[in-house]
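Working notes, structure below.
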Protein chains: 2
Amino acid sequence: MAGTPRIPRPTAARVSLYLRELERRLERGESTIRSRELGHCLGLTDTQVRKDLGHIGHLGFPGVGYRIEDLIARLRFLSGTDRGWRAAVVGVGNIGRALLSYDRFESEGFRIVAAFDSDPEKIGRHVGTHEILPMERLGELVRERGIRIAIVTTPPAAAQDAADALVEAGISGILNFAPCRLEVPPSVVSTEVDLGMSLLQLALQVRLVNGELLEIEEDPARSGPVRARSIRR
Amino acid sequence: MAGTPRIPRPTAARVSLYLRELERRLERGESTIRSRELGHCLGLTDTQVRKDLGHIGHLGFPGVGYRIEDLIARLRFLSGTDRGWRAAVVGVGNIGRALLSYDRFESEGFRIVAAFDSDPEKIGRHVGTHEILPMERLGELVRERGIRIAIVTTPPAAAQDAADALVEAGISGILNFAPCRLEVPPSVVSTEVDLGMSLLQLALQVRLVNGELLEIEEDPARSGPVRARSIRR
DNA sequence: CAATGTGAATGTATTCACAGCT
DNA sequence: AGCTGTGAATACATTCACATTG
């Protein structure tokens with residue numbers, strides 16, 4: 001029974017896109033949607049939407065489309081956001097505070113149930129309703145409060161230590177805002193949100209779109225059939 | 001016209017990864033690196049690294065590797081982060097404030113040179129060295145200060161208006177933290193960082209890795225026992 | 001020689017085309 | 001009729017294998 005249903009990675013990455021759009025439409029009172037329309041407003045083709053949703057379960061009605069409510073239920077079930085994930089924030093700096101005040105997680109199926117920091121100055125202070133707790137209590141509280149996901153917002157120098165402590169405590173996933181790669185065992189999922197990297201990627205795209213990249217060989221006198229090593233400045 | 005040299009999208013997405021690792025190594029005093037090592041610490045194969053760097057320009061030396069300094073120069077040139085990008089923050093809430101205090105952008109080739117908000121209460125106040133300016137002055141200041149990139153951190157309801165104003169002002173790229181899709185003309189690049197979506201993707205990956213997805217066949221709501229059709233595989 | 005750069009082979013994702021439902 | 005679901009065809013990305021190079 002090893003048959004993992006295996007959802008292709010690109011499809012999995014689009015699940016959250018679908019979910020957000022579907023919830024918006026449900027709020028507006030719509031009850032069904034066709035693949036063409038869903039795709040169009042998300043910048044995808046209708047075929048791609050059907051392929052994706054096909055991987056997820058056969059929920060469409062030929063001639064009609066998809067029932068939005070069923071689709072949402074399915075996607076929330078898949079992502080576990082129907083049951084709610086309990087999460088912790090580790091590192092209460094500027095970004096950590098912003099996340100602790102972000103009121104949208106709750107409705108999206110996540111609940112932040114603890115905030116940790118290693119700075120003794122900060123311990124015991126509050127951010128909104130969250131008390132800042134010492135790192136020493138991390139293992140204990142992860143178990144007691146059923147925390148499975150952690151958001152790391154420490155300075156980069158402290159991020160690996162935080163990750164080690166989280167792994168030790170038995171966490172399942174880490175969302176890492178520190179601009180560094182974390183070493184974790186393969187059973188733990190770690191993904192990164194690096195603001196600098198996001199900006200850089202945006203900048204690169206801007207240059208590509210605007211055709212600002214004259215490209216290759218800075219030396220125009222050079223264009224012979226012989227490629228390979230040319231000049232490198 | 002010569003076909004755009006076109007860097008494949010996955011390659012472009014890895015540029016920022018390479019750059020971050022290379023800069024770390026340069027700081028440590030290393031001067032060359034081989035594709036195998038660079039790939040290993042980034043979770044890529046050596047071949048993939050060579051293919052990527054091959055798209056970017058021929059900078060390697062057989063038998064030796066790549067000169068880190070040259071590679072960094074090339075990647076920064078490509079992304080325009082050698083000249084510096086001037087950026088604005090639009091929407092000074094929790095996340096906006098965190099970004100205005102984020103001291104890392106400068107060294108990565110970006111400078112935040114203006115902060116805007118539509119709330120009259122906030123106008124004139126300061127976050128760090130940044131004065132909060134009224135949206136009305138956006139067009140003027142984008143031109144005066146050479147702003148090409150904007151970071152949108154308004155509530156979702158205000159994000160599209162902000163985007164329209166930015167497009168009108170002649171911005172080239174938008175990094176959008178509001179959890180909604182922005183409509184922009186194709187000449188403007190808009191990318192999204194949705195914290196909820198990031199968490200949801202992480203959650204989905206955790207479930208996939210942990211094999212929590214038993215995967216049920218179809219919902220029995222309204223489908224007779226006959227399923228002759230749609231047997232896949 | 002040891003590592004790059006790159007065609008050829010493989011693997012994966014998207015798009016096409018259409019059979020089959022409602 | 002209109003739309004879904006899906007094999008077949010295409011496009012794209014990664015990996016392999018090796019000739020080439022400083």
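Letters go in sequence order (proteins before strands), and every chain restarts at 1. Values below: every heavy atom of this structure, side chains too, minus hydrogens, waters and symmetry copies. Remember, predicted model here, so these are calculated numbers, not experimental data.
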Main chain of [Y], side chain of [X]: is a donor-acceptor contact present, judged purely on distance under 3.5 Å?
{"X": "A/Arg76", "Y": "A/Thr81", "result": "yes"}
{"X": "A/Arg74", "Y": "A/Ile56", "result": "yes"}
{"X": "B/Gln201", "Y": "A/Ala12", "result": "no"}

Length of the line joining [X]:[atom1] and [N]:[atom2], which is rounded to integer Å:
{"X": "B/Ile56", "N": "C/dT6", "atom1": "CD1", "atom2": "P", "value": "13 Å"}
{"X": "B/Glu37", "N": "C/dA3", "atom1": "CD", "atom2": "P", "value": "11 Å"}
{"X": "A/Leu53", "N": "D/dC3", "atom1": "CG", "atom2": "C1'", "value": "13 Å"}
{"X": "A/Asp46", "N": "D/dT4", "atom1": "CG", "atom2": "P", "value": "8 Å"}
{"X": "B/Arg50", "N": "C/dA8", "atom1": "CZ", "atom2": "C1'", "value": "15 Å"}
{"X": "B/Asp52", "N": "D/dT15", "atom1": "CG", "atom2": "C1'", "value": "13 Å"}
{"X": "A/Leu59", "N": "D/dG5", "atom1": "CG", "atom2": "C1'", "value": "12 Å"}
{"X": "A/Arg36", "N": "D/dA1", "atom1": "CZ", "atom2": "C1'", "value": "14 Å"}

Problem set entry | Plane angle bin for A/Trp85 and A/Phe110 - parallel if under 30°, tilted between 30 and 60°, otherwise perpendicular |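 It falls in the parallel class, under 30°.
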
State which of [options] makes the closest approach to the side chain of [X].
{"X": "A/Pro62", "options": "C/dA13, C/dA3, D/dC3", "answer": "D/dC3"}
{"X": "A/Pro10", "options": "C/dT14, D/dA13, D/dC3", "answer": "C/dT14"}
{"X": "A/Gln48", "options": "D/dG5, D/dA13, C/dT14", "answer": "C/dT14"}

For this session: Would you state whether a donor and an acceptor, one from the side chain of A/Lys51 and one from the base of C/dT15, lie under 3.5 Å apart?
Result: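 Side chain to base: pair present.
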
Problem set entry | Closest-nucleotide ordering on DNA chain C, the 5'-leading residue of A/Thr47 and A/Arg9 |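 Closer to the 5' end of DNA chain C: A/Arg9.
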
Using a 4.0 Å heavy-atom cut-off across all strands, classify [X] as base, sugar-phosphate, or nothing.
{"X": "B/Gly54", "answer": "nothing"}
{"X": "A/Gly60", "answer": "sugar-phosphate"}
{"X": "B/Thr11", "answer": "nothing"}

Exercise. In terms of side-chain geometry, is the basic nitrogen of B/Arg14 or B/Glu21 positioned less than 4.0 Å from the acidic oxygen of its partner?
Worked result: no

